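Worksheet for the structure shown next.
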Amino acid sequence: MINGFIMDKKRDFLRRIVAEDLESGKYSRVVTRFPPEPNGYPHIGHAKSISINFGIARDFGGVCNLRMDDTNPTTEDTEYVEALKDAVEWLGFKWEGDVRYTSDYFDKLYEWAKELVKKGKAYVDSLPEDKMREYRGTVTSPGKRSEYANRSIEENLDLLERMKNGEFKDGEHVLRAKIDMSSPNMKMRDPLLYRIRHAQHFRAGDKWAIYPMYDFAHCLSDYIEGVTHSLCTLEFENNRDIYDWVIDTLGLEPPRPYQYEFARLNINYTVMSKRKLLELVNKGVVSGWDDPRMPTIAGLRRRGYTPESILNFCEQIGVAKANSVVDVAQLEYAIRDDLNKKVPRVMCVVNPLKVTIENYEGSEELQALYYPHDVPKEGSRKLPFSKEIYIDRGDFEENPPKGYYRLTPTQPVRLKHAYIIEFKEAIKDENGNIVELIVTYHPDSKSGSDKSGIKVKSAIQWVEAKSAKEVELRLYDRLFKCEAPEGIEDINPNSLQIVKGALVEPAVIEERADVRFQFEREGNFFADPIDYSDEKPVFNKIVALKDSWAKKSKPKPKQEPKKPKPKTKQTGGEMAELNEQEQALFDKFIQKYGLNKQVASIFARDEVLAKFFEEATKEYNSAVTVANIVANDVAKELKSKSLEELKFSPKDVAILAKMVDEEIISSKIAKEVFEAMSQSGQNPEQIVESRGLKQISNPDEILPIIDEVIAKNPDNVAKYKDGNQKLFGFFVGQVLKATGGKANPKVVNELVSKKLQEA
RNA sequence: UGGGGUAUCGCCAAGCGGUAAGGCAGUGGCUUUUGGUGCCACCAUUCGGGGGUUCGAAUCCCUCUACCCCAUCCA
């Protein structure tokens with residue numbers, strides 16, 4: 001850390017942008033914000049956004065605001081505000097100052113709206129909704145502007161005022177930005193700024209009859225709060241143009257915020273959309289927003305997930321722009337990993353099978369550590385032991401499969417923290433089901449002082465019959481049975497299994513060392529914060545332990561048929577046909593200049609490039625070299641700039657080509673020169689001169705460098721000699737790097753090859 | 001269909017012209033009084049396809065393909 005910045009080079013693209021902006025002095029401190037609309041319960045997707053926004057502020061020594069984007073009075077409620085605040089706090093973040101509300105800015109926003117009207121950049125439209133939609137056009141055809149768009153500024157101001165005063169009914173008028181009804185970006189076709197809504201706002205009450213739209217309110221709210229980086233999800237990419245338009249058109253003083261988008265979180269075997277989550281709750285598929293199977297923060301929390309595990313998860317999955325679906329196994333790993341370091345280990349028998357130890361009399365109390373040797377935490381509890389105990393039904397097999405480590409008629413097993421027992425007899429009911437086991441124990445095999453010399457393959461959990469406590473276990477599985485569930489039809493019918501007669505050792509209830517426990521060999525469990533009582537303890541299964549035995553022994557749990565992934569191999573893909581005129585040009589470029597087909601077709605389709613090329617080649621008659629530079633490097637520049645903006649001329653390119661042809665510079669350096677030229681507009685020869693970029697072809701100069709590189713990388717030399725041909729490029733690269741790219745690569749290649757042979 | 005995006009291992013994801021990072025999942029082995037944990041090893045001759053430029057391309061150029069977003073008075 002330097003100056004509070006994390007200097008880690010492995011930054012995600014957002015952090016890279018922030019770092020650059022801070023370094024360039026664009027902003028003196030970073031301000032982000034987490035801006036949910038309080039119209040639903042936050043889920044793990046919000047956690048990602050929280051982690052990004054608060055995380056970036058934290059990493060760069062800035063601040064992050066929590067803002068309720070409450071511009072739609074009909075959907076929002078204070079209930080959700082509380083849930084959102086709660087979620088941020090639970091995850092361990094602190095927002096700057098008080099919670100912000102877009103509704104607190106309504107007055108200021110309204111002033112800005114009037115400003116826009118006065119500038120002739122907004123108007124009151126009175127088109128009915130369906131007409132407005134019709135006028136908007138389609139993605140392929142331009143829209144047309146409403147006839148109301150040419151109302152006078154005075155009239156607009158008057159109408160807007162009266163809209164605000166509640167003189168009109170919902171839907172009668174709207175305020176729209178006057179931008180461009182034929183914009184290819186549909187969002188820019190005169191977007192709505194305000195609509196009339198006679199509704200009770202959960203904070204503003206009935207003060208307002210008009211409410212600002214997202215596109216108007218969001219950018220300005222960011223601006224008001226001094227936000228520097230407005231981070232949102234990908235679906236707002238098209239809205240960025242309006243974001244900028246509003247701020248620019250209002251002519252607001254810098255510094256101003258800029259919007260950047262990242263991919264929202266998706267996880268397989270679950271749904272994330274508000275609508276689908278709501279459906280689960282409303283149809284009673286789950287018990288509520290905090291059902292432990294829900295991907296909501298409340299659900300995860302009630303399931304027993306820790307905030308740390310969720311934050312770690314968010315960090316692990318990274319931030320990028322590709323739409324992706326994270327494997328739920330990654331989330332499960334995060335919670336296992338966190339809990340492994342934290343929770344006490346205790347014993348719970350899920351499926352009790354009575355065991356009588358024939359040769360044991362009386363009772364005793366064993367001392368047992370809460371944590372295994374590899375968890376550096378202290379604490380222990382007393383474990384009652386007597387003749388009658390329970391073990392799990394799964395830990396005894398009369399006819400064990402191969403590789404079975406637990407108790408069998410011929411295989412002894414250790415009772416964890418206690419003695420080694422050996423099978424004697426199985427008592428069965430009339431149906432042949434085992435109801436009880438008679439075993440014997442080895443008195444000298446006590447845990448910690450074992451002198452029996454008996455080797456067992458495993459130690460199993462158990463509870464003493466009289467002292468054991470009955471608990472309810474709620475075993476959760478994925479809510480959906482398929483990876484990409486659509487809705488209720490994909491629900492996993494076995495997502496909740498309630499086990500009533502499970503038995504735990506008494507300390508779990510009486511001592512309650514924690515709210516989370518690892519029931520050894522079973523999984524991590526959480527005392528349900530709502531339904532748990534000492535009389536009727538209830539534990540939620542947070543996550544199972546990894547179980548490589550189950551994986552090995554069971555063939556495979558039946559997987560739901562996956563949606564087929566059509567991985568078709570792709571063939572060449574023909575380029576669209578050239579039209580007649582282009583064809584003629586194409587032929588000319590090939591015949592007259594001897595260009596290859598690829599370059600010729602680029603020029604045949606691109607008039608600007610073609611002209612540039614022809615002018616350059618007039619200056620220096622080496623068509624192929626010139627053409628390659630034009631078709632590659634000039635084309636790149638022209639992607640983001642117009643011809644007029646180019647700082648170099650065809651002549652400059654001609655000179656550059658000439659230097660390449662004459663081997664004054666290598667083509668690698670030519671790229672560098674080109675870049676400098678297009679940035680500064682300097683003459684290429686000057687650039688080469690002032691930067692000393694002339695090519696080094698003299699072996700006497702290059703050889704020592706090669707020797708040095710070879711000497712420095714003995715292991716790579718060995719690998720190369722071992723047949724790793726790829727490493728050749730590595731050596732060439734190292735040498736080139738050492739010469740600042742100036743060494744003649746052809747010469748270097750030759751020499752490296754020779755030297756490597758000798759080495 | 002116009003525009004805006006995105007494609008690197010089964011799933012995430014680094015990489016920005018010079019040896020294809022890392023995590024999850026998976027597979028072997030060692031350790032283990034949890035079939036847990038930990039440790040070790042293996043797991044992309046190749047970056048959506050095809051061309052081009054270059055001594056050298058996942059990275060630059062052209063092109064094709066697939067997927068996502070946009071025509072709410074939602075956010």
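Predicted model, so just to flag it, every value in this text is computed and none were measured. Heavy atoms only: backbone and side chains are in, while hydrogens, waters and symmetry mates are out.
- For a distance-only test at 3.5 Å, the side chain of A:D547 fails to qualify as a donor-acceptor partner of the base of B:rG36.
- You'll find the ring centres of A:Y123 and A:Y148 outside the 6.0 Å limit.
- For A:E520, the salt bridge (Lys or Arg N to Asp or Glu O under 4.0 Å) partners at least two apart in sequence or on another chain are A:K416.
- Counting any heavy atom pair closer than 4.0 Å across all strands shown, A:S548 reaches sugar-phosphate atoms only and no base atom.
- At a threshold of 4.0 angstrom between heavy atoms, the contacts of A:Y405 include nucleobase atoms, whether or not backbone atoms are also involved.
- Checked against a 6.0 Å centroid threshold, the rings of A:Y214 and A:F236 count as neighbours.
- Across all strands, A:K746 comes closer than 4.0 Å only to sugar-phosphate atoms, never to a base (heavy-atom distances).
- Remark: P of B:rU54 and CG of A:N744 are 14 Å apart, rounded to the nearest angstrom.
- As judged by a 4.0 angstrom heavy-atom cut-off over every strand, A:N239 is placed among the base-contacting residues.
- A:S447 comes within 4.0 angstrom of a base, heavy atoms only.
- Across all strands shown, A:Y135 has no heavy atoms under 4.0 Å from either base or sugar-phosphate atoms.
- Residue contacts shown for A:L339 are absent, as no nucleic acid heavy atom lies under 4.0 Å away.
- Within 4.0 Å (heavy atoms only), A:Y720 reaches no atom of the nucleic acid at all.
- Between A:K455 atom NZ and B:rU31 atom P there is a gap of 12 Å when expressed in whole angstrom units.
- For A:S141 and B:rU1, the shortest distance from a side-chain N or O to OP1 or OP2 is not below 4.0 Å.
- Rounded to whole Å, the separation between the C1' atoms of B:rC43 and B:rG26 comes to 8 Å.
- Comparing B:rC68 with B:rC62, their P atoms are spaced 25 Å from each other, to the whole Å.
- Among A:D244, A:D215, A:N185, the single residue meeting the side chain to side chain donor-acceptor pair (under 3.5 Å) criterion with A:N239 is A:D215.
- Remark: B:rA75 base-pairs with no nucleotide; criterion is Watson-Crick or G-U wobble with both hydrogen-bond distances under 3.5 Å.
- Judged by distance alone, with hydrogens and angles left aside, A:N323 brings no side-chain donor or acceptor close enough to the base of B:rC68 to form a pair under 3.5 Å.
- Looking at A:N628, its side chain has no donor and acceptor atom pair within 3.5 Å of the base of B:rG52.
- Taking the C1' atom of each, B:rC73 and B:rC24 are spaced 45 Å apart, rounded to whole Å.
- Residue contacts shown for A:Q518 include a base, since a base heavy atom lies under 4.0 Å away.
- When the side-chain nitrogen and oxygen atoms of A:T75 are compared with OP1 and OP2 of B:rA75, none of them lie within a distance under 4.0 Å.
- A:K187 comes within 4.0 angstrom of a base, heavy atoms only.
- Taking atom CD on A:E672 and atom C1' on B:rC60, their separation rounds to 15 Å, with Å as the unit.
- Side-chain contact between A:F313 and A:V326 is present, with at least one heavy-atom pair separated by less than 4.5 Å.
- Nucleotide B:rC67 has B:rG5 as its partner under the Watson-Crick or G-U criteria, with both atom distances under 3.5 Å.
- What separates NZ of A:K321 from C1' of B:rC69 is a distance of 12 Å, to the nearest Å.
- Looking at A:Q598, its side chain comes within 3.5 Å of the base of B:rC62 through a donor and an acceptor atom.
- The separation between A:N238 atom CG and B:rG3 atom C1' is 7 Å, rounded to whole Å.
- By the 4.5 Å heavy-atom criterion applied to side chains, A:E37 and A:E76 are counted as neighbours.
- Residue A:R195 places at least one side-chain N or O under 4.0 Å from the OP1 or OP2 atom of B:rA75.
- Contact between the side-chain N/O atoms of A:R275 and the OP1/OP2 oxygens of B:rC74 is not found at any separation under 4.0 Å.
- Backbone-only engagement by A:D69 is indicated by non-hydrogen atom pairs under 4.0 Å involving sugar-phosphate atoms exclusively.
- At the phosphate of B:rG35, neither OP1 nor OP2 sits under 4.0 Å from any side-chain N or O atom of A:K552.
- Taking only distance into account, the side chain of A:K726 meets the base of B:rU46 through a donor-acceptor pair shorter than 3.5 Å.
- Annotation: side chain of A:Q695 is not in contact with side chain of A:I669 (no heavy-atom distance under 4.5 Å).
- Among the protein residues, A:V732 comes within range of the nucleic acid bases, having at least one heavy atom under 4.0 Å from a base atom.
- Nucleotides B:rG17 and B:rC12 are separated by 27 Å at their C1' atoms, to the nearest Å.
- With hydrogens and angles left out, the side chain of A:R521 and the base of B:rU34 share no donor-acceptor pair within 3.5 Å.
- For the P atoms, the distance linking B:rC69 with B:rU63 amounts to 26 Å, nearest Å.
- Here the separation of B:rU6 from B:rG51, taken at their C1' atoms, is 22 Å to the nearest Å.
- A distance cut-off of 5.5 Å between ring centres, combined with a plane angle under 30°, leaves A:Y214 outside any stacking arrangement with the base of B:rA75.
- Considering only heavy atoms from C-beta on, A:V328 stays 4.5 Å or farther from A:T270 through its side chain.
- What separates CZ of A:F216 from C1' of B:rC74 is a distance of 18 Å, to the nearest Å.
- If you find the closest nucleotide of RNA chain B to A:D633 and to A:E520, the one lying nearer the 5' end belongs to A:E520.
- If you measure from atom CG of A:L192 to atom C1' of B:rC73, you get 5 Å, rounded to the nearest angstrom.
- Donor-acceptor pairing under 3.5 Å, judged by distance alone, is absent between the side chain of A:N185 and the base of B:rG2.
- Taken to the nearest 0.5 Å, the CG atom of A:L193 stands 9.5 Å off from the CG atom of A:L160.
- With both ends at atom P, the span from B:rU54 to B:rG22 equals 34 Å, rounded to whole Å.
- Applying the Watson-Crick and G-U wobble criteria (two distances, each under 3.5 Å), B:rA20 pairs with nothing in any strand.
- Distances shorter than 4.0 Å separate some side-chain N or O of A:R136 from OP1 or OP2 on B:rC73.
- Contact of A:K737 with B:rG17 (side chain to base): no donor-acceptor pair of N or O atoms is detected under 3.5 Å.
- Screening A:N713, A:L756, A:N716 for a side-chain contact (heavy atoms from CB on, under 4.5 Å) involving A:L727 leaves a single residue, A:N716.
- Place A:Q330 and A:K668 on RNA chain B by their nearest nucleotides, and A:K668 ends up nearer the 5' end.
- When the side-chain nitrogen and oxygen atoms of A:R16 are compared with OP1 and OP2 of B:rG15, one or more of them lie within a distance under 4.0 Å.
- For A:N716 against B:rU19, a side-chain-to-base donor-acceptor contact under 3.5 Å is present.
- In this structure, OH of A:Y260 is placed 14 Å from P of B:rG5, rounded to the nearest angstrom.
- Separation of the C1' atoms belonging to B:rA66 and B:rG49 is 10 Å when rounded to the nearest angstrom.
- At a threshold of 4.0 angstrom between heavy atoms, the contacts of A:G448 include nucleobase atoms, whether or not backbone atoms are also involved.
- Within 4.0 Å of A:V456, counting heavy atoms only, lies no atom of the nucleic acid at all.
- No donor-acceptor contact under 3.5 Å links the side chain of A:R336 to the base of B:rG36.
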